Student: 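Let me begin by handing over the structure; questions about it come next.
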Protein chains: 2
Amino acid sequence: MAGSTEAEPRPMRADARRNRQRILDAAAATFAAEGIGVPVDVVAERAGVGIGTLYRHFPTKEALFEAIVVDRIDSMLARATAPNEGDDAAEHFFSFLTTMASEVSTKHDLTDALAQAGFDLKARCAEKFDQLRAAIDTLRQRAVDQGSVRGDVGTDEVLSLVVGVCVGSGKSGAACPAERLVGVVCDGLRVRS
Amino acid sequence: MAGSTEAEPRPMRADARRNRQRILDAAAATFAAEGIGVPVDVVAERAGVGIGTLYRHFPTKEALFEAIVVDRIDSMLARATAPNEGDDAAEHFFSFLTTMASEVSTKHDLTDALAQAGFDLKARCAEKFDQLRAAIDTLRQRAVDQGSVRGDVGTDEVLSLVVGVCVGSGKSGAACPAERLVGVVCDGLRVRS
DNA sequence: TGACAAACGGAACCTTGGTTCCGTATAGTG
DNA sequence: CACTATACGGAACCAAGGTTCCGTTTGTCA
């Protein structure tokens, strides 16, 4: 009854805050390098904490994962909505896609999160993801309006292309830098001259 | 010492042959529809045999998988080396890529096999895979020589693009038919007019 | 038709990886 | 400095899925 407004009951102990951060850092690095597959105990070990501690902060592996991915998407979102410094809308659009590709193909966890089934992050990060899609759509639309990018390929398709390319880049055979592959895709998106 | 030439000791019992085929069929269908993730007992059940039987024919899940994938690659290989009926090398090349895309994106197991890490089918199917790559390279080279396809994108890159696109098609968000995405890629491969 | 090797079925086993539980250690406070 | 709520560590637990084992069944051949 009393104080039902729940105004931040307790501040959180110092070591707890520190550990939480350590876990987050270790997880980000580990998942980025090796993908979702890495067992949680490995993350805990690298963070220098016990598994119990990890689970105290993140009730589930997926929760930990979510915390990281949301962050990643946020930073992409920021980049997508940044003001266009140059003038060419198409180049701006393509440049964003390229940056996104190198981001995604560098962070293995993102690749997994976006491409791999089995995790329904999609459900949890839906908001963020939709925002990102919307932002990209704006970029694309501008480029289309300007007349240099074909209008018959939607944002969802563009996303599929970029994400797919990142996956294809990382795994299949030898090294093909994602940026290069995205270059081909972008050329495919240009209006034929 | 005696008879060390190993000239096919025994013919294999009738029911065994039948069961082997059933397993192969069930596995092909199941893996195609649901990917590598499906547990072996499910396959056994759908084939109408016990797990023991399945393991008698295929000593390991990977072996079973390999049997199927090799077959799939073979059929793609056949298509890749089929004589060019039309005349336009570029169209022939693109048409093959499109067919390959629809094949791969339809057969979930192929997607998994080609894109997903964790299975080293690559090691086992290396031969077949190399043959396929070589065949595709021939198609590509012809198209390049003809002057309608850019020469600065290698076969490995093309493969990464196509495979990536298939993965991106299946998973990320709503349905984007792989063929359509490959279309964009092909446009990106055309020499700018 | 009887005998035997080959094949079958599926319970049991093992490993891997996520999650829980609880006794111990410690930051924060009077 | 003592006391308590908070946090910690990691052993133990549980589920999933691949693989093995062995008693039973069944083709095949004389």
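Within every chain, numbering begins at 1; the chains are lettered A, B, ... in the order of the sequence lines, protein sequences first and strands thereafter. Being a predicted model, the structure only gives us computed values, none of them experimental.
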Student: Taking A:Asp109 for the side chain and A:Ile36 for the main chain, is one N or O donor matched with an acceptor at less than 3.5 Å?
Tutor: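 No; judged by distance alone, with no hydrogens or angles, the pair does not exist.
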Student: What protein N or O atoms touch nucleotides 28-30 of chain D N or O atoms at under 3.5 angstrom, if any, and at what distances?
Tutor:
unit_1: D:dT28; atom_1: OP1; unit_2: B:Ala14; atom_2: N; d: 3.1

Student: With side chain to side chain donor-acceptor pair (under 3.5 Å) as the rule and sequence neighbours excluded, what pairs involving residues 29-40 of chain A come up?
Tutor: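 Qualifying pairs: A:Thr30-A:Arg46, A:Glu34-A:Arg46.
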Student: Among D:dG9, D:dT20, C:dG18, which is the nearest nucleotide to the side chain of B:Tyr55?
Tutor: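 My answer, after comparing the listed nucleotides, is D:dT20.
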Student: Check whether any side-chain N or O of B:His57 sits under 4.0 Å from OP1 or OP2 of C:dA7, and answer yes or no.
Tutor: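 Indeed not, no polar side-chain atom of B:His57 lies that close.
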Student: The side chain of A:Ala16 is closest to which nucleotide in this list: C:dT19, D:dG18, D:dA7?
Tutor: D:dA7
Student: Within residues 23-31 of chain B, find the residues that approach DNA chain C with a heavy atom at under 4.0 Å, and present them sorted by residue number.
Tutor: none
Student: Apply ring-ring contact (aromatic ring centres under 6.0 Å, His included) to B:Phe93 and list each qualifying residue two or more places apart in sequence or on a separate chain.
Tutor: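 With sequence neighbours excluded, B:Phe93 shows a ring-ring contact (aromatic ring centres under 6.0 Å, His included) to no residue whatsoever.
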Student: My understanding is that only residues two or more places apart in sequence, or in another chain, count here; which of them pass salt bridge (Lys or Arg N to Asp or Glu O under 4.0 Å) with A:Glu179?
Tutor: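 Salt bridge (Lys or Arg N to Asp or Glu O under 4.0 Å) check on A:Glu179 returns nothing, list empty.
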Student: Is there a side-chain polar atom (N or O) of B:Thr60 under 4.0 Å from OP1 or OP2 of D:dT19?
Tutor: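 For D:dT19, OP1/OP2 do have a side-chain N/O of B:Thr60 under 4.0 Å.
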Student: Any side-chain N or O of B:Thr53 less than 4.0 Å from the OP1 or OP2 oxygen of C:dA7?
Tutor: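 No, no such contact exists.
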Student: Under the side-chain contact (heavy atoms from CB on, under 4.5 Å) rule, collect the residues that match up with B:Ala90, sequence neighbours excluded.
Tutor: B:Asp88, B:Phe94, B:Ala143, B:Gln146, B:Ser148, B:Val149
